[in-house]
Amino acid sequence: MNKKITEFIKYRPVKAGITGILGFCGLCRLMNDAGFKSVFTWSLYSIVFFALIVIAEYNLTSLVEKDGDDSRKILRYAYIYGLLFAVAADLGYQFQMAGMTAPGARGKLGILFTGMFLSFAVLPVTYRIFRFIAGLYNCKISNDAPGKKVRSCFLISFVFIQLCWLPAFLAYYPAIMSYDFHRQFAEAVKGYIWFYEYQPLAHTFLIRMAYLLGTKLGSVAAGMAVFVFLQSMLLNASISAGVTYVYKKTGKGAAAFVCLMFAFLPFNPVLAISITKDIIFTAVFAFLILLLIRVTEKDSVFAAMLFLLTGIVNILFRNNAVYAMIFLMPVCLVFLKGGKKKIMTAALILVTIAAGMGGKTLIRTTMNAITGDRIEMFSVPIVQMVRVVKYQEANLTPEQQSILHEYISDESWGTYYVSIADSPKAIASRDRNAQWLDNPGQLLKDYITIGKAYPNDYLDAWIGLTAGYWFIDDRTHAEMLGFGDDSDLGLLYTFNASVNDSFPEGIPSHSYLPGLEKIYSHIVNGNSYYDWPVISQLMKPALYFWIFVLVIFAAFYKRSRKSVIVLTYPVMYFMTMLLGPCVNFRYMYPFIVVVPFLAAFVLSEKDSSSEVTEGKKD
């Protein structure tokens, strides 16, 4: 009897029916959590969706049979990737609709089962993606174009992108002076002794140089225009280097797509001319990873020196770059081949860290600058405690109230902002700084005490701060401070923040293309890209996150030691972002720039686990 049942289940239509039903159940649950239950289940289209899923599953079963032994590994990776995506989607939709996720073990098991079922629905897609990674499609991945063509590719890409960005520069002349520019520009005008380490001192120094250049030229606006144009060229150089790498590894088609994406997607030219530390950091972040690829592939003193310099700049512009680099050292010692190679590379990283930290200290000491506030690292715990107060105040015991009052002042008591930690963090810095910084042991004990009592609030607070990174339909990252054509907020901020006590007249903006400025405002401030089919997906930070995760999966699928080394730095850097105060598009921009060439790098690596049989290729 058991044998007959087994044979019956292995029958292709039955197998497709079972997986189709499971996938459709997962999809129905997701639609329910997304607020579309009545529309989806009542509609005639639900029958169409069910039929499409079953047909897709039936076609998948025939493909799996064709792939033989290779299919087991592909199915495993494809299912787990789909499971992660589905769980993230369900968490995101629940939080978006209800302001919380299903509480307790039962609620979390429900989310897990939804993900497990829904993963079957996306398996026909994820299986084919990993089939491509496995090399079972007859297409060229490694190209290795000759040096002359590579140099031509870089030059063509650089000139083309810079010309495409030029209209935005003229539309927002002299520059977009938003984000933290108001604070940095005030410090730059007053002089070094007023520099505050809350923002990178190296970046504030560059703003001061632009200001001094402007005074020499007779126009501060001209100084800022020079600065931002050079910044856009630096960013363009890093992007073009990535495009060139994609061309070298995959050929013209993929490289052309990447080049066009960076040339025409509106966020690129707008960010390129925004005076914020994240743009210069994005450029050096990309260069560092490209150089890390080079250092792991070949012994080159020149590449090592460039790695050292770009690594120092990474650390000067972002504190969390240090933590990512620290993890890179042991990974190199474990995964690199050759004792000398291991030691030399680890030593290079150690010297880079020491030089970067030493450089920060030297700049701060030389300028006699004001030391930064370390409370930034507690953004997530602060918001978690504030959320507990907001939703659980009536349930708090006297001991819990006492603990929370120790860390949360009356001004923040119950004042919870879902997607940004800046306000409670600033108040905690002013009123409870010592409690957060002076006794880490007691802080950890109190943090765990409250977390054990209200774990769902802790999780939901973290989801609210980070969903923009990983929830594919998140909008909070583009709306947290407001949006609208005339708001200068939205996906990107374009307001002029140059007015301050030291420079009361500010730096006037003078658009040479006001019509184009209005179009850009409609897109990046009014968020009109929401209404763009297909292309709007390319404007979502979460899309690039999931491509990045796919690249990580591909590295482990291929068991590529070099890929693990190269990916360690961006992975660990991203982990620090998950502890940040909010999701801002500019924070994700470094990953948007590096994902294309990281994908090309990993896909071009040979699979060290098994050799693909040529006879199985389509």
Side-chain angles (χ1 to χ4, degrees), residues 150 154 197 200-206 209 230-231 233-242 244-245 248 277-367 561-576 590-591 593-594 597-598 601:
V150 167
F154 176 85
E197 210 176 15
L201 297 176
H203 189 240
T204 308
F205 171 78
L206 292 177
M209 292 298 102
L230 292 174
Q231 173 186 274
M233 291 180 69
L234 176 65
L235 176 64
N236 184 9
S238 69
I239 290 171
S240 296
T244 304
Y245 189 86
K248 182 181 177 182
K277 60 185 178 291
D278 300 281
I279 305 310
I280 295 177
F281 176 76
T282 294
V284 293
F285 182 79
F287 281 131
L288 183 73
I289 295 174
L290 284 167
L291 287 165
L292 183 58
I293 293 172
R294 177 74 174 177
V295 166
T296 57
E297 288 179 341
K298 296 180 181 179
D299 293 327
S300 170
V301 175
F302 182 66
M305 292 303 296
L306 288 178
F307 178 89
L308 174 65
L309 293 174
T310 54
I312 291 171
V313 178
N314 266 251
I315 294 170
L316 291 179
F317 273 75
R318 274 296 187 186
N319 292 328
N320 37 355
V322 176
Y323 309 122
M325 217 166 278
I326 288 171
F327 280 96
L328 186 57
M329 271 195 301
V331 171
C332 286
L333 288 171
V334 172
F335 288 96
L336 273 176
K337 292 183 178 179
K340 183 180 178 181
K341 183 77 171 176
K342 289 174 185 279
I343 294 171
M344 293 298 291
T345 306
L348 174 63
I349 296 167
L350 181 62
V351 170
T352 302
I353 294 171
M357 295 302 294
K360 286 173 73 76
T361 303
L362 180 63
I363 292 171
R364 182 174 62 247
T365 305
T366 303
M367 293 179 175
R561 301 166 73 93
K562 282 196 298 182
S563 297
V564 171
I565 294 167
V566 171
L567 287 171
T568 295
Y569 182 66
V571 166
M572 297 314 301
Y573 180 81
F574 186 81
M575 295 299 288
T576 66
F591 291 87
V593 170
V594 303
F597 69 77
L598 279 177
F601 165 68

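The chain is numbered in sequence order, starting from 1.
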* Output all residues satisfying side-chain hydrogen bond (donor to acceptor under 3.5 Å, both in side chains) with Ser563, sequence neighbours left out; order by chain, then residue number. => Ser560
* To do: Apply side-chain hydrogen bond (donor to acceptor under 3.5 Å, both in side chains) to Lys341 and list each qualifying residue two or more places apart in sequence or on a separate chain.
  => Asp299
Just verifying a value: how many Å separate [X] [atom1] and [Y] [atom2], rounded to the nearest 0.5 Å?
X: Thr282; Y: Leu234; atom1: OG1; atom2: CG; answer: 10.0 Å
X: Ile293; Y: Leu598; atom1: CD1; atom2: CG; answer: 6.0 Å
X: Leu308; Y: Ile349; atom1: CG; atom2: CD1; answer: 11.5 Å
X: Lys277; Y: Leu316; atom1: NZ; atom2: CG; answer: 14.0 Å
X: Met305; Y: Thr310; atom1: CE; atom2: OG1; answer: 11.0 Å
X: Leu362; Y: Leu201; atom1: CG; atom2: CG; answer: 11.0 Å

Taking only residues two or more places apart in sequence, or in another chain, which ones meet [X] in a side chain to side chain contact (heavy atoms under 4.5 Å, CB included)?
X: Leu309; value: none
X: Met209; value: Tyr192, Phe205, Leu212
X: Thr361; value: Arg364, Thr365
X: Ala286; value: Ser238, Val593, Val594, Phe597

* To do: Could you note down all residue pairs passing salt bridge (charged side-chain N to carboxylate O under 4.0 Å, His left out) where residues 342-358 supplies at least one of them, sequence neighbours left out?
  => none
* **Shortest non-hydrogen contact between Leu290 and Gly242, atoms and distance** => CD1-N, 4.2 Å
* Structure fact -> Scanning both residues in full, the closest heavy-atom pair of Ser300 with Ala303 reads OG-N, 3.1 Å
* To do: Not counting sequence neighbours, list each pair that qualifies as a ring-ring contact (aromatic ring centres under 6.0 Å, His included) and has a residue in residues 279-317.
  => His203-Phe317, Phe281-Phe285, Phe281-Tyr573, Phe285-Tyr569, Phe285-Tyr573, Phe285-Phe591
* Asked: Mind checking whether Ile289 and Phe601 have side chains closer than 4.5 Å, heavy atoms only?
  -> no
* To do: Just jot down the salt bridge (Lys or Arg N to Asp or Glu O under 4.0 Å) partners of Arg294, sequence neighbours excluded, or say none.
  => none
Solution key, residues 318-338 side-chain donor-acceptor pairs under 3.5 Å, sequence neighbours excluded:
unit_1, atom_1, unit_2, atom_2, d
Arg318, NH2, Asp278, OD1, 2.5
Asn319, OD1, Lys360, NZ, 2.7
Asn320, ND2, Thr576, OG1, 3.0

* Taking only residues at least two apart or on different chains, which pairs with a member in residues 345-358 satisfy side-chain hydrogen bond (donor to acceptor under 3.5 Å, both in side chains)? -> none
